[in-house]
There are 2 protein chains.
Amino acid sequence: MNKPSKLPTVKSDKDALLSNIALLYYGEGLTQSEIAKRYKLSRVTIVNMLRDCRERGIVEIRVDGQHLAASSLSRDLCEKYGLQDVYIAVDGIEDGSTRRSDKLAQVARVASMAILDIVEPGDRIGVAWGETIAAVANAMPRNSVPGTQVCQLIGSQESARVPASEICAIEVANKLGAQCHTLHAPGILSSAELASALKSEVTIQTQLARLSSLDMTIAAVGHLGRDTHMAAADIASIAELEAARHQGAAGIICCRYIDGNGQEIRTAPYDRIIAASINDIKAAPKKLLVVCGNDRLDATRAAIHGGLVTHLVADRELAEALINS
Amino acid sequence: MNKPSKLPTVKSDKDALLSNIALLYYGEGLTQSEIAKRYKLSRVTIVNMLRDCRERGIVEIRVDGQHLAASSLSRDLCEKYGLQDVYIAVDGIEDGSTRRSDKLAQVARVASMAILDIVEPGDRIGVAWGETIAAVANAMPRNSVPGTQVCQLIGSQESARVPASEICAIEVANKLGAQCHTLHAPGILSSAELASALKSEVTIQTQLARLSSLDMTIAAVGHLGRDTHMAAADIASIAELEAARHQGAAGIICCRYIDGNGQEIRTAPYDRIIAASINDIKAAPKKLLVVCGNDRLDATRAAIHGGLVTHLVADRELAEALINS
DNA sequence: CAACCTTCTTTACAAATGTCAACAATCAAT
DNA sequence: ATTGATTGTTGACATTTGTAAAGAAGGTTG
């Protein structure tokens, strides 16, 4: 009466089985042994299947962003700075003993949930570059949003600390199931002339033009200290950073200096850089800024004042500092 | 330097903490003890918090519907019957030893994932009534879809086996964060005259009118056996069911009889019923049918042939029977 | 046929988790 | 101040889970 085939194991029939087992475990709350009995498999197999489910994104565990942005601190910050949403990563211990990497990981994780809250189908999303952005890309769960595009905001550049710029963009795109527009140019060139020439190449021009019509940006903000990402990636020299600081630079966003009011400061290596402009960012209706660490207090305020932020993700200490300043 | 308040515990600051802990546990993969240490709480507290997170929908564990509809059986059924998607619940043991309640629970769980796949923001969704629908409502995770409305398809009626019709609709609405339009009338009246009078009441008329412009329906299909839901809920008598069967009724959907081709059979208690019409269902562009059990084979085929189904959720045995028939 | 790969099983053990009961601290309000 | 409710803690315990190692079964390939 049934088909004679013993095991109907065409390729992805396995997927269907995995999903069903995931439902029993995560949904119904059955124990692994119960499931094993039911399907006449060993418990070890069930364990492996469940791991598979998580790794392959068949089950997706996500945290509701609304709740992350629900604290009173969040609301206070929204009001004080005119932001749309503020998501706060709260790290347990107050005495600063948490390592920066732990803190950053948590901020990144919160950011990744915030992103899923903010992104809408069809959005064109600009992704910047840096330690923070890399952490965010890494933390994002696989969760497609139909019709999205991801654009790389900063030219490709190697850095000891961080995967290259296009790697970040591609990872975000993969996680979102988005089409990815990479920027086929280095982030920094040796002379302004060369940069300028490159920018007039049709292909590059097209890529840069796209950045002026973004729906959303995901960026971090850097400080001007000597261990800043700009220096670590050989984009700016220590001397240039020093000079920028003297001209009032309070922060770095998308490899561009901004002053305390968020206005752009076009000083070296400004014209050797290939990246989205401050105006490109400003033009996007949704602008997510992800920041971790009190040393970025001024930079964060600057970015906000400059209209470069609509949604903020920060750690609790920074958030408190923002309120109290 | 900081605010003097010892614990910034305004109402939902706790939610923010819960989310963060959920992220560490589910996202980062930290162990409960590690989290407890980090936040200086006891492990028991963490356990409780995580339970809270799940119960309150702060973490949401969902299974990707695509994978549920990925088996070759699904694809075969889509092709054979011209359906858009078929989701199959695969219960472990083949010898039929699985209790119907277990099987139904699994089908319902699969259905609830399917629903999340199918529903789009702004949809007006009709929800029918019965054992199956109740199970689906129960299995659905809390997952809001913006701008959705839920409409009760069948008037309110008590039944020993199943929570009343409006309860099902309301539960689905709650889970989807949808506005809920209940039907303020009994499902069955003692006479056609009374039913007719009631249907001309403006309020009822408005409610019924809404049902002709649904974006999606969620229904099950009943058989004509004597333990059918229609009888259990005192909507149709055994005699009436018998009569309907003689007139060729092959199934019941939304308290309406349909013949083997899915055409409506307007026999008793047809005109004493207050519920959506077969045409209302037919008019919806997305029609999800949830069925469990081989005894509904004919009824399911009938509903499909009548154009009352675009998406199907079924258990594996039924799915195989549909393929082999 | 033999070698090999993949997949699942069994067994065993260590670690993590859920749960209980009894107890402390805090806060509100009588 | 006493009472009660809430919230979290401790310690103890049984269960569940993750993981490793060794082997069986089936299919593929040279």
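Every chain is numbered from 1 and lettered A, B, ... according to where its sequence line falls, protein lines coming before strand lines. Because only heavy atoms are used, hydrogens play no part in the values below, and waters and symmetry mates are left out as well, while side chains stay in. All values reported here derive from a predicted model rather than from experimental measurement.
- When rounded to the nearest whole Å, the span between CD1 of B:Ile35 and C1' of D:dT9 equals 18 Å.
- Using cut-offs of 30° and 60° for the angle between ring planes, the B:His311 and B:Tyr87 rings count as parallel.
- Nearest nucleotide to the B:Val44 side chain, out of C:dT10, D:dT10, D:dG18: D:dT10.
- Look at B:Glu34 and B:Arg38 and you find no salt bridge, because none of the NZ, NE, NH1 or NH2 atoms lies under 4.0 Å from a carboxylate O.
- Residue A:Arg51 contributes atom CZ, which lies 12 Å from atom P of C:dC8 at whole-angstrom precision.
- Annotation: of the two residues near DNA chain C, A:Ile46 and A:Arg43, the 5′-most nearest-nucleotide partner is A:Ile46.
- An OP1 or OP2 oxygen of D:dT17 is reached within less than 4.0 angstrom by a side-chain nitrogen or oxygen of A:Thr31.
- One interatomic measurement links the two molecules: CG of B:Asn48 to P of C:dC20, which rounds to 11 Å at whole-angstrom precision.
- Proximity of A:Gln32 to the phosphate of D:dT15: no side-chain N or O atom is located under 4.0 Å from OP1 or OP2.
- Annotation: of the two residues near DNA chain D, A:Leu50 and B:Leu41, the 5′-most nearest-nucleotide partner is B:Leu41.
- Judged by distance alone, with hydrogens and angles left aside, the side-chain atoms of A:Lys80 form a donor-acceptor pair with the main-chain N or O of A:Ile323 at under 3.5 Å.
- Close to C:dA16, at under 4.0 Å from its OP1 or OP2, lies no side-chain N or O of B:Tyr25.
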